[in-house]
Amino acid sequence: MCQVSRLVLSRPACYLRQLPRRSAPSDRRTTRTPAMQMLSPPELAAQRAGISIEEAFSIDQVNLYDRLGLETLKKLATAFYDRVYADTEDPHFRSVFASSPKAVAIRNNYEFMAQRLGGPPLYSQRKGHPALPRRHAPFDCSQATAERYMQHMDAALAAVPEIDDDARRRLHSYFRHTCYFLVVTQEMRQSMQRQAAAAAKGGTEAEQAQAVQHP
């Protein structure tokens with residue numbers, strides 16, 4: 001049974017975390033610089049979303065497809081997209097979904113979620129690998145879009161009574177993390193594009209570094 005794998009992308013050097021300084025051995029006189037370790041895109045997305053990486057992947061600790069079933073996932077997708085397509089308060093957010101008829105968006109969503117939650121690979125059988133960053137590349141995946149998405153998704157999660165509290169918490173964390181995963185990967189892609197453009201124009205190393213550090 002197919003599971004959607006965690007995606008790991010290359011990331012620019014601006015996404016770093018500083019680890020605690022280790023004490024130098026007593027017989028060495030040199031000063032050790034702080035060790036640096038890059039955050040992976042999933043880790044950075046969790047940080048930006050304000051959740052732990054464990055919460056982000058808590059849906060993998062249980063089989064929510066077996067617990068909820070396909071019909072409940074259809075109800076969730078319908079409740080979510082009913083709200084999205086009726087959103088008249090945020091025209092920019094609504095425009096992100098303008099290229100897909102609502103019925104198509106609903107089907108894509110519940111088939112993907114069935115697969116992601118441990119059910120049959122309905123989405124991949126019909127459309128191939130989900131490849132979320134690539135499929136969302138043409139759209140605005142900004143922080144504002146992520147927060148508006150979550151506003152509608154949280155309302156949809158609350159509107160489907162078949163979803164118990166534990167499943168609702170796990171799904172909230174999953175959706176929030178996924179939203180910010182798309183934010184992070186889009187920012188990284190745009191940053192690398194600017195760096196490549198600066199290099200093509202003969203920019204200095206400092207200018208190229210600045211292009212990376214300001215997504």
Side-chain angles (χ1 to χ4, degrees), residues 1-11 14-20 36-70 72-77 79-81 83-84 93 96 108-119 121 123 129-136 139-189 215:
M1 196 169 290
C2 177
Q3 286 282 351
V4 181
S5 62
R6 302 181 187 181
L7 303 178
V8 179
L9 306 179
S10 60
R11 56 273 188 191
C14 62
Y15 297 110
L16 299 172
R17 64 181 171 194
Q18 182 169 316
L19 299 180
M36 305 295 286
Q37 179 179 336
M38 284 190 291
L39 287 171
S40 69
E43 289 173 324
L44 185 57
Q47 184 183 81
R48 293 277 296 273
I51 60 176
S52 69
I53 198 70
E54 291 76 17
E55 289 173 314
F57 291 100
S58 63
I59 62 167
D60 296 324
Q61 298 169 358
V62 295
N63 189 309
L64 287 180
Y65 180 82
D66 286 348
R67 185 191 299 184
L68 301 176
L70 185 61
T72 297
L73 297 179
K74 288 182 179 180
K75 290 181 181 180
L76 176 61
F80 172 69
Y81 281 107
R83 287 164 171 77
V84 168
F93 175 80
V96 173
N108 287 342
N109 183 275
Y110 72 71
E111 287 188 347
F112 171 80
M113 289 308 299
Q115 175 171 325
R116 182 64 185 87
L117 297 181
Y123 186 94
H129 192 282
L132 291 182
R134 177 175 60 80
R135 291 186 185 274
H136 288 80
F139 308 113
D140 173 39
C141 295
S142 65
Q143 181 171 328
T145 300
E147 290 297 334
R148 190 69 172 179
Y149 182 103
M150 286 308 304
Q151 179 180 336
H152 290 305
M153 181 54 73
D154 283 337
L157 286 167
V160 180
E162 291 87 350
I163 300 177
D164 59 85
D165 289 343
D166 176 70
R168 189 174 294 111
R169 285 192 296 271
R170 293 174 190 271
L171 288 169
H172 165 85
S173 295
Y174 166 75
F175 283 120
R176 187 165 181 81
H177 182 257
T178 301
C179 282
Y180 275 90
F181 180 74
L182 294 175
V183 172
V184 165
T185 54
Q186 186 170 90
E187 288 177 352
M188 289 180 173
R189 182 170 56 252

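Residue numbers count from 1 along this sequence. Computed from a prediction, not measured in an experiment: that's the story for all the values here.
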**Prompt:** Can you tell me how far OH of Y110 sits from OG1 of T72, rounded to the nearest 0.5 angstrom?
**Reply:** 13.5 Å

**Prompt:** Which atom pair, heavy atoms only, marks the closest approach of Q61 to E54?
**Reply:** NE2-O, 4.3 Å

**Message:** What verdict does the side chain to side chain donor-acceptor pair (under 3.5 Å) test give for E43 and S40, after you've listed the backbone C-alpha separation in whole Å, the side-chain angles of each residue and the deciding distance to 0.1 Å?
**Reply:** CA-CA 5 Å; E43 289 173 324; S40 69; 3.3 Å; yes

**Item:** Backbone of I59 reached by a side-chain donor or acceptor of R170 within 3.5 Å
**Value:** no

**Item:** V184 side chain reached by L39 side chain, heavy atoms, under 4.5 Å
**Value:** no

**Message:** With heavy-atom distances below 4.5 Å as the criterion, would you say the side chains of L76 and M153 are in contact?
**Reply:** yes

**Prompt:** Are side-chain heavy atoms of F181 and P42 found at a separation under 4.5 Å?
**Reply:** yes

**Complete:** When rounded to the nearest 0.5 Å, the distance separating CD of Q115 from CG of L117 is 10.0 Å

**Message:** So F175 and M113, do their side chains get closer than 4.5 Å, heavy atoms only?
**Reply:** yes

**Asked** Minimum heavy-atom separation for A155 to R83, with atom names?
**Response** CB-NE, 3.4 Å

**Asked** Is there any salt bridge (Lys or Arg N to Asp or Glu O under 4.0 Å) pair reaching into residues 174-184, and which pairs are they, with sequence neighbours excluded?
**Response** E147-R176

**Request:** Taking all non-hydrogen atoms of both residues into account, name the closest pair between T145 and F93 and its distance.
**Result:** O-CE1, 3.7 Å

**Request:** Ignoring hydrogens and angles, tell me if any N or O in the side chain of H172 forms a donor-acceptor pair with the backbone of D154 under 3.5 Å.
**Result:** no

**Nearest heavy atoms of S142 and V183, plus distance in Å** = O-CG2, 3.5 Å

**Message:** A side-chain contact here means heavy atoms from C-beta on lying under 4.5 Å apart; do I53 and H177 qualify?
**Reply:** yes

**Prompt:** Any side-chain heavy atom of V96 sitting closer than 4.5 Å to one from R148?
**Reply:** no

**Asked** What is the minimum heavy-atom distance between E162 and L68, and which atoms define it?
**Response** O-CD2, 3.8 Å

**Item:** Salt-bridge contact R116-D60 (side-chain N to carboxylate O under 4.0 Å)
**Value:** yes

**Asked** Which atoms form the tightest heavy-atom contact between C179 and A146, and what is the distance?
**Response** CB-CB, 3.8 Å

**Item:** Y149 ring center within less than 6.0 Å of F80 ring center
**Value:** yes

